[in-house]
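What follows is a short report on a single structure.
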Amino acid sequence: MKSLLLAVAVMFLTFGFRDQNETITVKGSDTMVILAQRWAEVYMSKHPEVSIQVTGGGSGTGIAALINGTTDICDASRPMKKSEREKLKQRFNTLGVEIKSAKDGLALYVNEANPVQELTLAQIKDIYTGKATNWKAFGGPDAKIILYSRENNSGTYVYFKDNVLEGEDFSAAAQNMPGTAAVVNAVAKDKFGVGYGGAAYGKGIKFLKVKQDASSKAYEPTAESVKSGDYPITRFLFMYTRSKPTGALKEYIDWIISNEGQDIVTKVGYFPVK
Amino acid sequence: MKAIHVLFILLLLAAWPVVLRAQEDGDTTKAKGGQAVEELKGQVDGMNETLIEMKNTLDALKKVKISGYIQAQYQSADTAAAKSFAGGDFPANVRSRFMVRRGRLKVNYDNDLTQYVLQIDVTQNGIGIKDAYASIRDPWIRTGVFTAGIFDRPFGFEISYSSSSRETPERSRMFQTLFPGEREVGAKLELNAETGLWSTLNLKAGLFNGVLNNANENDRNKDFIGRLGIALPFEEQNLAVDGGISLYDGKVTTNSKFVYDINPASPAKAYRIDSSASNVGNSYGRVYVGGDMQVYYDLPVIGGFSLRGEYITGTQPGSSASNSFYNPGATVTPIYLRKMAGWYVNLVQNVGVQNQFIAKYDVYDPNTDLDGSQIGAPGTSHTAGDVKFSTLGLGWIYHWDANVKFVLYYDMVRNEKVNAAASGALAPFRADLRDDVMTVRMQYKF
């Protein structure tokens, strides 16, 4: 049996150490996909020897890819869950490395024709849990509120549910859109629509001002309000790697959190972490 | 009036009918265009309705998750008919074999706060039920989960570590002996906060029949099983330390009047027999206490490694030749009360993304009152169920892609050498049995 064991071991080692792919793959958050693509384009133009492939699919999809070993970097618009870290521990014996790559004000979108200007967090919760269903209650027209939301593999969906709805379920009337661009597009065409998503996507729609409660000042998601924390729905945008990054991966991540990488964050419409 | 003006008026008059017709044509085109837009709008609205309908169906279907895995393997043992914990004993005259070790299909309907799970196992030996349970999560703080049905016993670490994720092909000998099939019929409560101070702690506890996952309750007792765990992540250091303590507090009921245990007064540690007729129907403790610890650390450049260990000790009521728990069924079977202990240490080192090296050492001593040299001495009535085993396993895993992995694993099994005077079924244990096993496995998981 020893010769058989040796033969199989040699076969394993031959397979096991075949050439590894040098390309950096990035997968995850749709909120971050434009930013991630811009980072990759600029970095590759300056480092032609590096190839970076960026795809979206949602934070949940990206984290799953990190766990099953099919991406090097996972972009996520929410922190990894405990259960996801457990899976990473099971497969790779690591907790994963979290890198804060940008800040985002999670914006509330309404149609430009909608006269409503601001909402409190409690009002947003009432709207999205289905307790408030008419714009009239918020100074708008006597019309039904049309809710646009995201799929549950979206980090934005999870963040919004955990932090704005305080864990409560979305109204059954909410229409789940495949990406932030689809939410913006739907709201831009729907006079009575409301949606939520990254501040960088706010083209063709109007941002609602958001305030902590009725007695607070309302803020739009601007660089100042997000940086100061005055805007009530502020979150980090994360990148995750399985292990402490080394080599080309480390150089790329270091560049992203450098001033040059953070300038791109601002240009795309998000806010730098520093 | 100039001649040119007259000419222009004449041309205009001549062209008037054409202009009128063109205007009519324009109006018709506009009307047709408007009609087409309306039709298109109707079609888009119709498609939207269809899409919303389909989306509702799709959303419902998304709650159903189907997963599974197949483990096909080739094994070669040192000798034919080798007794083995590496996937079961080798049949007579068989030294090597192909087999489907596990062929799982799991259906999970996850309705957020409630869950339905059914898992079957299909192999060359037939179909068996692995999991069949329903669970409810508390809707208030989403920390408590109540589960009822057939599911993993909440004891230690290795039981609940899925066979598809576990690096070694099989669980350690002590778990296979103490918790055959890993699962049981019962109900449990689990507390596990996602965030906050209490998120580092988790508690699982429940009551079970204390038999097997595919058998009915056979006595009046319910067995308590529980584990209190802690998980301490040190993210800055890329280090995690998890652990827990577990308790199995159950009873078995004998259908025989013969009760054996080791006589502490006997120099040879012989079994003594209590044969009172009133023993029939008595219950005897099946009590295990365990502790487990797992350390995870991310080694720079090479990859993550984990070091896991567990120790269990307690009282195991078994039968003459078997140190598995006492479960007599219809046959009248004398009961043997043994103090047992077992432990294992398991090292897993990731090498890059696709490779893992594994080393595991496990020990199971089914009768801690006895040393090897005492087992089988004349007049002791010891059996093969008293012999201690240790196993050193070394292996390599290659992850082909996200679905497929190959495992090469070699189990080196050592038994304690019994007394030179041992005879009968104990005689082979005077030397180390030739029962090492090599396993080459391919797993597909989805």
Side-chain angles (χ1 to χ4, degrees), chain A residues 1-2 4-18 20-21 64-72 79-83 85-98 151-153 161-162 167-169 172-178 241-247 250, chain B residues 52 55 59 62 74 76-78 95-96 112-113 139 141-142 161-162 165-166 192-195 199 231 233-235 238-240 242 294 296-307 348-356 396-403 406-408 410 436-438 440:
Chain A
M1 189 161 74
K2 280 177 187 163
L4 179 62
L5 181 67
L6 187 69
V8 180
V10 168
M11 189 183 78
F12 261 68
L13 291 173
T14 310
F15 273 125
F17 290 97
R18 63 183 182 173
Q20 303 290 308
N21 196 342
L66 193 73
I67 292 165
N68 67 30
T70 53
T71 189
D72 300 310
M80 269 176 88
K81 293 178 193 168
K82 206 163 102 177
S83 56
R85 283 194 189 271
E86 283 302 314
K87 285 180 185 168
L88 198 62
K89 258 162 68 178
Q90 276 188 12
R91 170 62 183 86
F92 290 101
N93 297 301
T94 66
L95 294 176
V97 177
E98 182 182 276
E151 305 280 0
N152 62 5
N153 65 342
K161 186 177 177 185
D162 289 348
E168 285 188 34
D169 282 335
Q175 296 180 44
N176 297 339
M177 312 304 282
T241 58
R242 277 179 292 274
S243 297
K244 206 167 181 182
T246 55
K250 181 179 186 308
Chain B
I52 288 168
K55 214 178 136 314
D59 284 347
K62 272 184 177 173
Y74 170 82
S76 176
D78 268 348
R95 205 188 134 187
S96 64
D112 191 27
L113 291 175
I141 52 173
R142 304 175 72 90
Y161 195 45
S162 163
S165 304
R166 195 184 52 248
N192 193 357
E194 176 71 28
T195 54
S199 64
F234 302 96
E235 285 160 24
N238 294 319
L239 170 73
D242 300 352
Q294 303 82 43
Y296 303 85
Y297 184 66
D298 185 13
L299 280 177
V301 184
I302 301 171
F305 94 87
S306 66
L307 188 64
V348 181
Q349 174 65 60
N350 280 64
V351 184
V353 176
Q354 289 174 295
N355 295 282
Q356 289 179 302
W396 194 269
I397 300 176
Y398 171 62
H399 295 263
W400 177 269
D401 61 20
N403 302 108
F406 293 92
V407 182
L408 169 64
Y410 191 78
D436 293 357
V437 175
M438 181 192 74
V440 186

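Keep in mind it's a predicted model, so treat the numbers as computed, not measured. The sequence lines fix the lettering, A, B, ..., with proteins before strands; numbering per chain opens at 1.
- A:K89 has its side chain out of reach of B:Q294: every pair of non-hydrogen atoms, C-beta onward, lies at least 4.5 Å apart.
- For a residue to count as touching a neighbouring chain, one of its non-hydrogen atoms must lie under 4.5 Å from one of that chain's; by this rule A:S243 touches chain B with backbone and side chain alike.
- Contact tally against chain A (heavy-atom pairs below 4.5 Å) for B:V301, B:N403, B:D242, B:L299: the top residue is B:D242.
- With a 4.5 Å cut-off on non-hydrogen atoms, B:L239 touches chain A through its backbone but not through its side chain.
- The side-chain heavy atoms of A:D169 and B:D112, taken from C-beta on, include a pair separated by under 4.5 Å.
- Each of A:E86, A:K244, A:E168 has some count of heavy-atom pairs under 4.5 Å with chain B, and the biggest count is that of A:K244.
- Both the backbone and the side chain of A:N176 come within less than 4.5 Å of a heavy atom of chain B.
- Contact check for A:Q90 versus B:S165: side-chain heavy atoms found under the 4.5 Å cut-off.
- To the nearest 0.5 Å, atom CE of residue A:M80 and atom CD of residue B:E235 are 9.5 Å apart.
- At a 4.5 Å heavy-atom cutoff, A:E98 makes no contact with chain B through either its backbone or its side chain.
- For B:S162, no part lies under 4.5 angstrom from a heavy atom of chain A.
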Start with the C-alpha gap between A:R242 and B:D298, add the side-chain angles, then the distance that decides, and say whether salt bridge (Lys or Arg N to Asp or Glu O under 4.0 Å) holds.
CA-CA 9 Å; A:R242 277 179 292 274; B:D298 185 13; over 6 Å; no
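- When side chains are defined from C-beta on, A:K81 counts as touching B:E194, because their heavy atoms get closer than 4.5 Å.
- Nearest heavy atom pair, residue A:K82 against residue B:A193, reads NZ-O, 2.7 Å.
- For a residue to count as touching a neighbouring chain, one of its non-hydrogen atoms must lie under 4.5 Å from one of that chain's; by this rule B:F234 touches chain A with the backbone only.
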